[in-house]
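First the structure, in the form of structure tokens, and then the observations on it.
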There are 2 protein chains.
Amino acid sequence: MSDLCDFPQLLGRQGVKPTVLRLAVLEVLGSSPRALRAQEILETIRAHRRVNKVTVYRILDDFTRRGILRRLALEDRASHYELACEHHPPHPHFQCHHCGQVQCLEPAPLDRMWAELQGPLGNRADRIDIRVEGVCHKCREIS
Amino acid sequence: MSDLCDFPQLLGRQGVKPTVLRLAVLEVLGSSPRALRAQEILETIRAHRRVNKVTVYRILDDFTRRGILRRLALEDRASHYELACEHHPPHPHFQCHHCGQVQCLEPAPLDRMWAELQGPLGNRADRIDIRVEGVCHKCREIS
DNA sequence: ATGCAGATTCAACTGAGTTGCAAGTATAAT
DNA sequence: ATTATACTTGCAACTCAGTTGAATCTGCAT
Ligand SMILES: [Mn+2]
Ligand SMILES: [Mn+2]
Ligand SMILES: [Zn+2]
Ligand SMILES: [Zn+2]
């Protein structure tokens with residue numbers, strides 16, 4: 001969703017070389033309004049250049065471990081990825097179980113919910129993922 | 001988590017024959033304190049009888065579509081399953097990213113959160129999934 | 001030019017789940 | 001009891017989304 005970030009600089013701060021493919025992954029995600037599957041990222045890059053899928057998987061994995069990307073576990077078997085920079089704070093997602101579309105929801109309520117969940121345990125919470133499942137407005141019109 | 005349900009009756013209400021394997025799946029899940037992977041269910045049943053994995057996957061799939069079970073999409077690639085009967089209302093889950101353990105959290109805050117998420121859309125929400133990721137108390141002690 | 005580390009590729013593999021069809025089993029007619 | 005029918009289970013082969021290890025390539029420093 002909108003590339004406001006300076007990707008070469010972002011990689012520089014992480015001590016990672018801004019290679020063509022690493023930048024390509026970030027640019028594809030930066031210009032997408034929604035989270036993407038590895039497969040979609042691969043195909044988008046391949047419209048312009050030659051890439052091996054292993055390279056893309058390794059970049060996605062590395063970036064996720066570094067916190068540059070977030071990996072979303074949705075109902076599909078394939079993970080979805082999105083930028084995790086300051087312009088895209090963590091937020092809930094909506095997935096239509098009719099067309100499969102994934103939408104990003106507003107980040108607002110997350111902090112409040114975090115507090116409500118701390119529960120009875122000695123566990124340490126690092127991250128909270130909220131996924132709403134239902135039927136999107138487009139699919140509602142059709143049926 | 002505790003088998004308070006009459007499984008044969010439960011299946012009867014759904015118009016499904018209470019076969020040995022279908023009951024076995026429900027009993028394994030009914031006596032587990034946590035959500036289980038298909039693989040774990042399969043192995044537990046195999047301690048007592050002969051089963052093909054396809055049968056277990058088909059039963060899990062059928063039960064999930066009927067609303068007898070809930071399928072949880074966690075960080076792992078494998079789905080987890082839990083009973084969805086009246087004794088186990090929907091609730092958030094905690095997953096330790098050190099040992100992978102999945103814990104069920106208290107169901108209380110769900111309704112409140114549901115309201116807060118309705119957002120700017122014409123979407124219809126059918127279900128909300130909350131997953132907290134962190135380090136469980138056991139893994140915290142160790143490290 | 002040469003050497004080296006990191007980046008990319010290739011082929012082969014894994015693990016979770018799916019598919020189509022054959023075989024088994026229960027129930028219902030005859 | 002015998003057959004017909006539907007439903008359930010099993011088997012083999014397949015798909016899909018990654019993962020692994022080793023080989024090559026590339027940019028950069030000496
Ligand atoms: Mn998002
Ligand atoms: Mn649970
Ligand atoms: Zn839709
Ligand atoms: Zn743990």
Per [X] side chain, nearest of listed nucleotides [options]:
X: B/Arg77; options: D/dT9, C/dA11, D/dA17; value: D/dA17
X: B/Lys17; options: D/dC7, C/dA16, C/dT8; value: D/dC7
X: A/Lys53; options: C/dG17, D/dT9, D/dG18; value: D/dG18
X: A/Val51; options: D/dG10, C/dT18, C/dT9; value: C/dT9
X: B/Ser79; options: D/dT9, C/dG17, D/dG18; value: C/dG17
X: B/Val54; options: D/dA12, C/dG17, C/dT9; value: D/dA12
X: B/Arg22; options: D/dT8, D/dC11, D/dC16; value: D/dT8

Against B/Arg34, only a single residue in B/Gln103, B/Glu82, B/Glu40 fulfils side-chain hydrogen bond (donor to acceptor under 3.5 Å, both in side chains); can you say which?
B/Glu40

Yes or no on salt bridge (Lys or Arg N to Asp or Glu O under 4.0 Å) for B/Arg131 and B/Asp129, after CA distance, side-chain angles and deciding distance?
CA-CA 7 Å; B/Arg131 193 174 57 78; B/Asp129 263 333; over 6 Å; no

Is it the case that the side chains of A/His80 and A/Arg37 hold a donor-acceptor pair, with the cut-off being a distance below 3.5 Å and no angle test?
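A donor-acceptor contact under 3.5 Å links the two side chains.
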
Whole Å only: how far is the [atom1] atom of [X] from the [atom2] atom of [N]?
X: B/Tyr57; N: D/dC14; atom1: OH; atom2: P; result: 19 Å
X: A/Ile41; N: D/dG18; atom1: CD1; atom2: P; result: 10 Å
X: B/Ile59; N: C/dT18; atom1: CD1; atom2: P; result: 14 Å
X: B/Leu11; N: C/dA26; atom1: CG; atom2: P; result: 17 Å
X: A/His80; N: D/dA17; atom1: NE2; atom2: P; result: 11 Å
X: B/Leu21; N: D/dT9; atom1: CG; atom2: P; result: 5 Å
X: A/Gln39; N: D/dT15; atom1: CD; atom2: C1'; result: 13 Å

[X] near the nucleic acid: base, sugar-phosphate alone, or nothing, with a heavy-atom cut-off under 4.0 Å?
X: A/Arg49; answer: nothing
X: B/Arg50; answer: sugar-phosphate
X: A/Thr19; answer: sugar-phosphate

Any N or O donor-acceptor pair under 3.5 Å from the base of D/dG21 to the side chain of A/Arg58?
yes

Side chains of A/Val132 and A/His93: does their closest heavy-atom pair fall under 4.5 Å?
no

Is the closest side-chain heavy-atom distance between A/Arg70 and A/Thr64 below 4.5 Å?
no

Given D/dT9, is OP1 or OP2 found less than 4.0 Å from the side-chain N or O atoms of B/Asn52?
no

